Amino acid sequence: MTKPIDVPTSVDEYFTRTLLPEDAVLTEVLQRSDQAGLPREAVSPVQGMWLHIQTLALRARRVLEIGTLGGYSTICMARALPKDGLIVTLEAKEAHSQVARANFELAGVQDRVEIRLGRAVDSLDSLIQEGASPFDLVFIDADKPNNPRYLERVLQLVRPGSLIIADNVVRDGEVAEPESTDPKVQGVREYLAQVGRNPRLRTSALQTVGCKGYDGFAISVVAEGGERTKR
Ligand code: SAH
Ligand code: DHB
Ligand code: MG
């Protein structure tokens with residue numbers, strides 16, 4: 001049997017060729033991540049550009065990322081920051097952080113990136129304890145069962161107008177199955193329930209297809225003036 005042509009992947013490749021500049025740095029970042037045996041879970045090139053655009057459009061100066069891996073998404077966002085901007089990226093695995101650190105040097109963004117090694121819940125608690133200035137953009141992309149715990153903490157680290165983006169909220173459509181026994185799906189469902197009922201947030205979610213399969217992003221904005229009133 002011949003493999004069916006994966007149309008969304010072909011379109012993703014077409015978009016990448018047509019819309020994105022050749023990027024020797026990001027290509028090398030992925031090669032090094034593969035060589036180091038990291039899982040292939042970075043955002044796609046087109047998604048990385050989407051994060052870059054969000055960062056630029058927000059004129060973000062401070063970004064918080066939960067889940068560094070090899071630093072692909074970090075670099076996409078760091079490149080949109082001003083020289084004195086900062087992205088704090090949280091990673092539990094030392095080996096991942098080492099690959100990421102080398103990749104930040106390769107990309108020349110090392111001065112704008114701070115890696116915090118450790119469990120993200122602990123790193124978030126430290127940031128809160130330290131009275132960290134609010135982040136303009138937060139990208140949540142680590143272990144999905146902890147998403148509800150990340151959100152509780154992230155809400156203490158943002159200001160009105162900040163964006164909170166969460167990756168992988170569709171999971172091949174399993175997110176719509178209340179009975180799913182996958183703890184990742186349940187983590188995402190609880191996260192979505194929390195953002196959906198929080199009067200400080202306006203939230204949407206976009207389903208995506210492409211080289212990463214069928215998945216999606218949730219995007220929330222922290223309301224100006226505190227309360228959400230109308231849709
Ligand atoms: N944002 C990256 C992909 C992140 S993959 C990109 O798009 O390029 C998820 C990462 O979260 C992995 O590196 C994993 O080690 C890390 N992670 C998983 N559980 C974690 C935890 N409890 N605390 C911090 N990082 C964690
Ligand atoms: C998985 C995690 C991710 O962050 C991702 O983008 C793709 C897959 C996973 O845990 O399977
Ligand atoms: Mg992800």
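Order of listing sets the numbers, starting from 1, for every ligand and every atom in it. This structure is a prediction, so every number in the text was calculated from the model and none was measured.
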Within less than 2.8 Å of the Mg ion (ligand 3), any N, O or S from [X]?
{"X": "Asn168", "value": "yes"}
{"X": "Asp141", "value": "yes"}
{"X": "Asp215", "value": "no"}

Judged by modelled atom types alone, do [X] and [Y] share a side-chain donor-acceptor pair under 3.5 Å?
{"X": "Asp143", "Y": "Tyr150", "answer": "yes"}
{"X": "Thr74", "Y": "Glu65", "answer": "yes"}
{"X": "Gln98", "Y": "Glu94", "answer": "yes"}

Measure from atom 5 (S) of ligand 1 to every heavy atom in Asn168, Leu124, Leu69 and give the option owning the shortest one. Leu69
Using distance alone, decide if ligand 1 has a nitrogen or oxygen within less than 3.5 Å of any nitrogen or oxygen in [X].
{"X": "Arg119", "answer": "no"}
{"X": "Phe139", "answer": "no"}
{"X": "Ala42", "answer": "no"}
{"X": "Ser73", "answer": "yes"}
{"X": "Ala92", "answer": "yes"}
{"X": "Ala120", "answer": "yes"}

Which residue holds the protein heavy atom closest to [atom], what is that atom called, and what is the gap in Å?
{"atom": "atom 17 (N) of ligand 1", "value": "Ala142 CB, 3.9 Å"}
{"atom": "atom 7 (O) of ligand 1", "value": "Val43 N, 2.9 Å"}
{"atom": "atom 3 (C) of ligand 1", "value": "Asp141 OD2, 3.3 Å"}
{"atom": "atom 18 (C) of ligand 1", "value": "Asp143 N, 3.9 Å"}
{"atom": "atom 12 (C) of ligand 1", "value": "Glu91 OE1, 3.5 Å"}

With heavy atoms of [X] as the reference, note each atom of ligand 1 found under 4.0 Å away.
{"X": "Glu41", "value": "3 (C)"}
{"X": "Tyr150", "value": "21 (C), 22 (N), 23 (N)"}
{"X": "Thr68", "value": "2 (C)"}
{"X": "Lys93", "value": "15 (O)"}

When you look at Ser126 and Arg116, which way does the side chain to side chain contact (heavy atoms under 4.5 Å, CB included) test go after all the steps? CA-CA 10 Å; Ser126 302; Arg116 292 204 178 196; 4.1 Å; yes
For the Mg ion (ligand 3), what is the closest N, O or S atom on Asp167? OD2
More than 12 foreign heavy atoms under 6.0 Å from CZ of Arg40: is that the case here? no
Looking at Gln129, I'd like to know if its CD atom is crowded, meaning that more than 12 non-hydrogen atoms belonging to other residues, nucleotides or ligands lie closer than 6.0 Å. no
Apply the side-chain contact (heavy atoms from CB on, under 4.5 Å) test between Glu174 and each candidate in Val185, Thr181, Val188; give the one that qualifies. Val185
Decide whether the shortest distance between a heavy atom of Gly118 and an atom of ligand 1 is less than 4.0 Å. yes
Are any of the heavy atoms in Glu65 under 4.0 Å away from ligand 1? yes
Would Val43 and Trp50 count as a side chain to side chain contact (heavy atoms under 4.5 Å, CB included) here? Give the steps. CA-CA 10 Å; Val43 294; Trp50 188 79; over 6 Å; no
Region of Thr74 engaging ligand 1 - heavy atom pairs below 4.0 Å: neither
I would like to know whether Asp136 and Arg159 meet salt bridge (Lys or Arg N to Asp or Glu O under 4.0 Å); could you show each step before the answer? CA-CA 7 Å; Asp136 308 306; Arg159 54 157 177 88; 2.9 Å; yes
Let me confirm one number: the CZ-CD1 distance from Arg79 to Ile87, rounded to the nearest 0.5 Å. 12.5 Å
d(Leu81 CG, Asp111 CG) to nearest 0.5 Å is 12.0 Å
Salt bridge (Lys or Arg N to Asp or Glu O under 4.0 Å) evaluation trace for Arg32 with Glu28: CA-CA 6 Å; Arg32 290 177 176 191; Glu28 174 78 15; 3.2 Å; yes
Stepwise, does the salt bridge (Lys or Arg N to Asp or Glu O under 4.0 Å) test hold for Lys93 with Glu91? CA-CA 6 Å; Lys93 295 199 170 164; Glu91 176 54 55; over 6 Å; no
Under 3.5 Å: N or O atoms of ligand 2 paired with protein N or O:
residue  : atom   : partner : partner atom : Å
ligand 2 : 4 (O)  : Asp141  : OD1          : 2.8
ligand 2 : 4 (O)  : Lys144  : NZ           : 3.1
ligand 2 : 4 (O)  : Asn168  : OD1          : 2.8
ligand 2 : 6 (O)  : Glu41   : O            : 3.2
ligand 2 : 6 (O)  : Asp167  : OD2          : 3.2
ligand 2 : 6 (O)  : Asn168  : OD1          : 3.1
ligand 2 : 6 (O)  : Asn168  : ND2          : 2.9
ligand 2 : 6 (O)  : Lys212  : NZ           : 2.4
ligand 2 : 10 (O) : Lys184  : NZ           : 2.7
ligand 2 : 11 (O) : Arg171  : NH2          : 3.3
ligand 2 : 11 (O) : Lys184  : NZ           : 3.1

If hydrophobic clusters are built by linking Ile, Leu, Val, Met, Phe, Trp and Tyr wherever their side-chain heavy atoms come under 4.5 Å apart, do Val63 and Val109 end up in the same one? yes
Ion pair present between Arg153 and Asp125, side-chain N to carboxylate O less than 4.0 angstrom? yes
Quick one: sort the Phe139 and Phe217 rings into parallel, tilted or perpendicular, breaks at 30° and 60°. tilted
Using the rule side chain to side chain donor-acceptor pair (under 3.5 Å), only one of Asn147, Asp215, Thr208 pairs with Asn168; which is it? Asp215
